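First comes the structure, then the notes that go with it.
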Amino acid sequence: MGYDVTQVQKSLGGFQYPGSPEQLADHAKEKGADDQLVDTLRGLDKDQFDGPNAVMEKLSKAGVLGGS
C-alpha cells in the first residue's frame, strides 16, 4: 500500500520546478496533502528535483506509491 499516484500529482500540481524536498513538502501541504505525504516529501533524499517525473520516480523507488 502506498500513496495514490493521482493524489500525489494533485498535491504537486502548480509547483514551480526546480525545487527542494522542503519546497515540495510546503507546496503539498498548502494544497491539502496529508501530513504523512508531506513528511515523506520532506524526507526525500535528493537536493533538488527538476520536474514532477523526478519526484514520482524517487517515490516509486522508495516503494511508497500505490493506486492509480
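The shown structure was predicted, so the numbers you read here are calculated from the model rather than taken from an experiment.
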Can you tell me how far apart CG (Leu41) and CG (Leu12) are? Round to the nearest 0.5 Å.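 Going from the CG atom of Leu41 to the CG atom of Leu12 covers 6.0 Å.
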Please report the interatomic distance CG(Asn53) to OH(Tyr17), rounded to the nearest 0.5 Å.
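Here the interatomic distance stands at 8.5 Å.
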Between Gln7 and Asp34, does the side-chain contact (heavy atoms from CB on, under 4.5 Å) criterion hold? Intermediate values first, please. CA-CA 10 Å; Gln7 188 58 46; Asp34 68 36; over 6 Å; no
message = So if I apply the side chain to side chain contact (heavy atoms under 4.5 Å, CB included) rule between Phe49 and each of Glu57, Lys58, Met56, which one comes out positive?
response =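 Exactly one pass, corresponding to Lys58.
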With sequence neighbours excluded, give me every side-chain hydrogen bond (donor to acceptor under 3.5 Å, both in side chains) pair touching residues 37-48.
->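 Qualifying pairs: Tyr3-Thr40, Glu22-Arg42, Asp26-Arg42.
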With sequence neighbours left out, write down each residue that passes side-chain contact (heavy atoms from CB on, under 4.5 Å) with Lys31, or none if nothing qualifies.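 If we apply the side-chain contact (heavy atoms from CB on, under 4.5 Å) test to Lys31, skipping adjacent residues, the hits are His27.
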* Would Leu44 and Leu59 count as a side-chain contact (heavy atoms from CB on, under 4.5 Å) if you check the C-alpha gap in whole Å, the side-chain angles of each, and the deciding distance to 0.1 Å? -> CA-CA 8 Å; Leu44 290 175; Leu59 290 172; 3.8 Å; yes
Practice problem: Would you name the heavy atoms of Val38 and Ala25 that are closest together and state the gap between them? | Solution: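 Residues Val38 and Ala25, closest heavy atoms: O-CB, 3.5 Å.
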- Message: Does any part of the side chain of Val64, heavy atoms only, come nearer than 4.5 Å to the side chain of Leu37, both counted from C-beta?
- Response: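 Leu37 vs Val64: side chains apart.
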